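Please read all numbers here as calculations on a predicted model, not as lab measurements.
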Amino acid sequence: MIYISEEDSAALVTHELAFDAVRRALVAAASKQSLVFPAVLGRAREATNTFSIKSGSSDELTGVKIGSFWSGNPARGLPRHNSTVILLDQETGRLGAVIEAGKVNAYRTAAADAVAADLLARKDAKVLAIFGAGNQAGFEVAALARIRPVETVLVVAGPSPRRDTFVERIRAKDLAARAASAEDAVRQADIVVTATPSREPLFQAHWVRDGAHVVSMGSDAPGKQELPTELLSRASLFCDFPSQSVQIGDFQHVRDEIDAGMLALTAIGDVIEGRAPGRRSDEEITVFDSSGISLQDLYMAEALIRAEASHR
């Protein structure tokens, strides 16, 4: 059995590795040979400690990802978020690999948004608005700045030392960054990313400029919502996996309209493979719902195993 520790996986992962692995995963997710099973959401004895189990299979890989959020961990000097990926042997079903992937998970999530933005955001997108100043927000900025000529980052978060530190970290990457109101940020942005645990829309639909690309990353459970539903009726809608997106992603709030055919929802894997169009004009608004799927984790695990082997 292969085992990769948290320390080793964190040392191996890069934005390039994550982009390539997640792109392969999103292609696999859109194929008829792959399966992505409904996420299981659970809680521990303390209600603030939660976990999820996501599982799936493709022609190449079978396994599960266990993600956890333990609210009291910072007091112990540990991150709140942890992740473990388990790969099963395709022939026997026995344990094939265990990869601790807490930091890797942040790269994986940002990579999905970068893969989608590479297909959907305008080529000249220079202004990025990011809602949230937590751990994931920094990975989102770095991943998107790799694939678009981002010059300015507008940070929407409540006043706090954490927000100010986050802005300084972005500036250290040679990007102009400042805190901004939601309206100011959205009205200026070429790309809008929401990375929050919100349960209500974070901005108004009419603030979104023509040609913008919008990403909902934080909506990954029933009841969560970051985007105004009014935006979705004037945008082209894309996601990582349609059946999950309408269950736990931001598109759960327009599920009836999607089921009725009033709104069209496209898997980003179909765009990668050329079976569906991506952005069709510089004026079109595109929205990507990134609820996070098991295949992303499985392909990340495979990529890390290959990377470790090449470093021996």
Side-chain angles (χ1 to χ4, degrees), residues 15 48 50 67 69-75 78-81 102-103 105-114 116-117 121 125-146 148 150-209 212-221 223-229 231 249-250 253 287-292:
H15 284 292
T48 56
T50 62
F69 177 87
W70 249 241
S71 60
N73 273 4
L78 298 170
R80 290 186 178 92
H81 293 273
K103 188 171 185 179
N105 193 69
Y107 279 88
R108 157 265 204 201
T109 300
D113 300 336
K126 296 179 180 179
V127 179
L128 167 63
I130 181 83
F131 281 74
N135 178 65
Q136 186 61 39
F139 289 92
E140 297 290 324
V141 172
L144 291 167
R146 281 188 63 247
R148 285 297 182 270
V150 174
E151 297 175 354
T152 302
V153 179
L154 304 175
V155 179
V156 184
S160 70
R162 184 174 74 167
R163 183 196 67 180
D164 297 340
T165 299
F166 178 71
V167 169
E168 290 303 319
R169 279 179 25 222
I170 300 304
R171 289 175 179 165
K173 299 179 184 294
D174 295 324
L175 295 170
R178 64 177 175 86
S181 68
E183 181 172 1
D184 181 30
V186 173
R187 285 190 182 278
Q188 294 187 61
D190 301 310
I191 302 174
V192 178
V193 178
T194 56
T196 77
S198 180
R199 289 181 172 267
E200 59 184 25
L202 297 168
F203 55 86
Q204 295 187 36
H206 68 271
W207 296 347
V208 179
R209 63 191 296 186
H213 174 60
V214 180
V215 180
S216 170
M217 187 237 87
S219 295
D220 60 357
K224 287 189 176 183
Q225 183 178 16
E226 297 178 299
L227 309 184
T229 55
L231 172 66
D250 223 295
H253 304 288
V287 174
F288 179 65
D289 182 42
S290 184
S291 59

Report yes if the side chains of [X] and [Y] come closer than 4.5 Å at any heavy-atom pair, otherwise no.
X: Val287; Y: Leu231; answer: yes
X: Val208; Y: Val192; answer: no
X: Arg209; Y: Val186; answer: no
X: Lys103; Y: Phe139; answer: yes
X: Pro74; Y: Arg80; answer: yes

List the atom of [X], the atom of [Y], and the distance in Å for their closest heavy-atom pair.
X: Ala189; Y: Ala212; answer: O-CB, 3.9 Å
X: Ala143; Y: Ala114; answer: O-CB, 3.8 Å
X: Ser216; Y: Ser219; answer: OG-OG, 3.5 Å
X: Ala195; Y: Met217; answer: CB-SD, 4.0 Å

Can any side-chain N or O of [X] pair as donor or acceptor with the backbone N or O of [Y] at less than 3.5 Å?
X: Thr194; Y: Val215; result: yes
X: Arg169; Y: Gly138; result: no
X: His15; Y: Leu144; result: no
X: Glu226; Y: Thr196; result: yes
X: Gln225; Y: Leu227; result: yes

Residues 175-183 side chain polar contacts: donor-acceptor under 3.5 Å, at least two apart:
{"unit_1": "Arg178", "atom_1": "NH1", "unit_2": "Asp184", "atom_2": "OD2", "d": "3.1"}
{"unit_1": "Arg178", "atom_1": "NH2", "unit_2": "Asp184", "atom_2": "OD2", "d": "3.2"}
{"unit_1": "Ser181", "atom_1": "OG", "unit_2": "Asp184", "atom_2": "N", "d": "3.1"}
{"unit_1": "Glu183", "atom_1": "OE2", "unit_2": "Arg187", "atom_2": "NE", "d": "2.8"}
{"unit_1": "Glu183", "atom_1": "OE2", "unit_2": "Arg187", "atom_2": "NH2", "d": "3.2"}

Show every side-chain hydrogen bond (donor to acceptor under 3.5 Å, both in side chains) that has at least one partner inside residues 134-144, sequence neighbours left out.
Gln136-Glu140
Got a sec, which residues hit ring-ring contact (aromatic ring centres under 6.0 Å, His included) with [X], two or more places apart in sequence or on another chain?
X: Phe166; answer: none
X: Phe288; answer: none
X: His81; answer: Phe69

Pairwise distance [atom1]([X]) to [atom2]([Y]) - rounded to 0.5 angstrom:
X: Leu128; Y: Arg148; atom1: CG; atom2: CZ; answer: 12.5 Å
X: Ile170; Y: Glu168; atom1: CD1; atom2: CD; answer: 10.5 Å
X: Asp250; Y: Ser290; atom1: CG; atom2: OG; answer: 11.0 Å
X: Asp113; Y: Asp289; atom1: CG; atom2: CG; answer: 9.5 Å
X: Gln188; Y: Asp190; atom1: CD; atom2: CG; answer: 9.5 Å
X: Leu154; Y: Ile191; atom1: CG; atom2: CD1; answer: 12.0 Å

Which residues pass the side chain to side chain donor-acceptor pair (under 3.5 Å) test with Thr48, sequence neighbours left out?
Ser71
